[in-house]
Amino acid sequence: MNLWLLFLLLGGITLVQRLSFILWSERWTMPPWLGQGLRYVPVAVLSALILPSIMRVDGALTLSLFNPKLIGAVVAVCVAWRTNNVLLTIILGMAIFWGIESFQ
C-alpha cells in the first residue's frame with residue numbers, strides 16, 4: 001500500500017510541476033536572453049548523453065583511430081555541418097562505423 005501511495009504522490013507532484021508552467025505561461029513572458037540561452041539546451045543534453053558512449057571502448061576512454069564509433073561520429077558531424085541532411089548524416093556515419101567495425 002505504501003508503494004502505491006508513493007506512486008500517486010510522485011505522480012501528483014509531477015502533474016503540478018508541469019501544469020504550473022502551462023498556467024503561468026499566460027501571465028509571465030520569458031526574457032529574450034533566457035530564450036536565447038534555452039536554444040542550446042537540446043544540443044547540450046544530446047551531447048551529454050551520446051559522447052560518453054562514443055568516447056569509451058570496453059569501459060576505457062579511447063581517443064584514437066582505433067575507435068570506430070568516434071570516427072563514425074566525426075564523419076557524421078562533418079556531413080551534418082556541410083549538408084544539413086539528416087538521412088545522409090545517419091547513412092554515412094553508420095556506413096563508416098560498420099565499415100571500420102567489420103575490418104577489426
Side-chain angles (χ1 to χ4, degrees):
M1 184 63 181
N2 288 340
L3 188 60
W4 284 106
L5 184 62
L6 179 66
F7 286 157
L8 289 174
L9 182 66
L10 291 176
I13 290 172
T14 302
L15 178 68
V16 167
Q17 284 178 336
R18 293 177 186 226
L19 189 61
S20 68
F21 287 105
I22 294 171
L23 294 176
W24 286 347
S25 66
E26 295 175 357
R27 298 183 195 125
W28 181 73
T29 58
M30 187 182 320
W33 60 269
L34 183 61
Q36 287 176 338
L38 288 175
R39 286 182 28 214
Y40 300 106
V41 169
V43 174
V45 169
L46 188 61
S47 298
L49 291 173
I50 291 175
L51 283 178
S53 66
I54 290 173
M55 301 291 191
R56 291 182 185 261
V57 174
D58 297 327
L61 184 66
T62 306
L63 300 175
S64 69
L65 294 177
F66 299 108
N67 184 351
K69 293 186 282 185
L70 181 60
I71 296 171
V74 168
V75 169
V77 166
C78 292
V79 170
W81 176 57
R82 297 295 290 165
T83 65
N84 288 330
N85 187 333
V86 175
L87 185 60
L88 185 63
T89 300
I90 294 170
I91 290 171
L92 287 179
M94 290 304 293
I96 295 295
F97 168 71
W98 283 333
I100 295 171
E101 185 77 16
S102 66
F103 286 115
Q104 289 185 351

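All values below were derived from every heavy atom in this structure, side-chain atoms included, with hydrogens, water molecules and symmetry-related copies excluded.
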How long is the span from the [atom1] atom in [X] to the [atom2] atom in [Y], to the nearest 0.5 Å?
X     : Y     : atom1 : atom2 : result
Leu92 : Leu87 : CG    : CG    : 9.5 Å
Phe97 : Asn67 : CZ    : CG    : 9.0 Å
Thr62 : Ile54 : OG1   : CD1   : 13.0 Å
Leu38 : Trp33 : CG    : CH2   : 9.0 Å

Exercise: identify the closest heavy-atom pair between [X] and [Y]:
X     : Y     : value
Ser47 : Pro52 : O-CD, 4.1 Å
Ser53 : Lys69 : O-NZ, 2.8 Å
Gly93 : Ala76 : CA-CB, 4.1 Å

Under the ring-ring contact (aromatic ring centres under 6.0 Å, His included) test, residues paired with Tyr40 that sit two or more places apart: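 Applying ring-ring contact (aromatic ring centres under 6.0 Å, His included) to Tyr40 gives none.
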Does Met55 have any side-chain contact (heavy atoms from CB on, under 4.5 Å) partners at least two apart in sequence or in another chain, and if so, which?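 So Met55 forms a side-chain contact (heavy atoms from CB on, under 4.5 Å) with Leu51, Leu61, Leu63, Leu70.
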With sequence neighbours left out, write down each residue that passes side-chain contact (heavy atoms from CB on, under 4.5 Å) with Ile96, or none if nothing qualifies.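 Counting only residues at least two positions away or on another chain, Ile96 forms a side-chain contact (heavy atoms from CB on, under 4.5 Å) with Ile71, Val75, Ile100.
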When hydrophobic residues are tied together by side-chain contacts of less than 4.5 Å, even through go-betweens, does Val41 share a cluster with Met30?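 Yes, Val41 and Met30 fall within the same hydrophobic cluster.
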